[in-house]
Amino acid sequence: MTARDGETPDTDDLRARFQQQARSGLADDRARKARGARIALAAFSTLASVVPLIVVAVGLNAGVGMGIWVAVCALGTVAGVGAVALALRGRTRWGFAAFFVAFTLAQLGDLLSNRPLH
């Protein structure tokens, strides 16, 4: 990028030009979107941490014995709680990854339980 007189602009010139632009709402809009993303991820992660507990309760009510599937579901709950904590701290990428781990562990625990579907 070159300046108008042919010289390359320095950092101070670029900063001054950026601050002269009439985009004061840009930072507010971005912060609002980030906050919404954190809240949505925290809500879904809370759900993902409760689902493994429901899977355990349903499995034990159906007469399925204790086994490795309970440990897998417990790990899913721990991952879901971790996703909530990460989301609330603003680490949405890591929180999203922990959310998927929690969801996957809940599904895996349900598959490993071999409970009847009827």
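None of the values given here were measured: they were computed from a predicted structure.
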Result block: side-chain N/O donor-acceptor pairs under 3.5 angstrom for residues 38-53, not counting sequence neighbours:
residue	atom	partner	partner atom	Å
Ser45	OG	Leu41	O	2.7
Thr46	OG1	Ala42	O	2.7
Ser49	OG	Ser45	O	3.4
Ser49	OG	Thr46	O	2.8

_When you group the ILVMFWY residues by side-chain heavy-atom contacts below 4.5 Å and let the links chain together, are Leu105 and Phe99 in the same group?_
no
*Could you tell me which residues satisfy salt bridge (charged side-chain N to carboxylate O under 4.0 Å, His left out) with Asp12, sequence neighbours excluded, listed by chain and number?*
Arg15
_Under 4.5 Å between side-chain heavy atoms, counting indirect links through other Ile/Leu/Val/Met/Phe/Trp/Tyr residues: same cluster for Val70 and Val101 or not?_
yes
*Could you identify which residues cluster with Leu88, counting Ile, Leu, Val, Met, Phe, Trp and Tyr as linked when any side-chain heavy atoms lie under 4.5 Å apart, either directly or through a chain of such contacts?*
Val84
*Answer with yes or no whether the hydrophobic clustering places Leu108 together with Leu75; edges join I, L, V, M, F, W, Y residues whose side-chain heavy atoms lie under 4.5 Å apart.*
yes
*Walk me through it: do Leu86 and Arg93 pass the test side-chain contact (heavy atoms from CB on, under 4.5 Å)?*
CA-CA 9 Å; Leu86 288 168; Arg93 289 180 185 159; over 6 Å; no
*Please identify each residue that fulfils side-chain contact (heavy atoms from CB on, under 4.5 Å) with Val58, with sequence neighbours left out.*
Ile54, Arg115
_Which Ile, Leu, Val, Met, Phe, Trp or Tyr residues join Val78 in one cluster when any pair of side-chain heavy atoms under 4.5 Å counts as a link?_
none
_Interatomic spacing from SG in Cys73 to CD1 in Ile68 - rounded to 0.5 Å_ = 10.5 Å
*asked:* Listing request: all ring pair (Phe, Tyr, Trp, His ring centres under 6.0 Å) pairs with a residue in residues 59-98, at least two apart in sequence or in separate chains.
replied: Phe96-Phe100
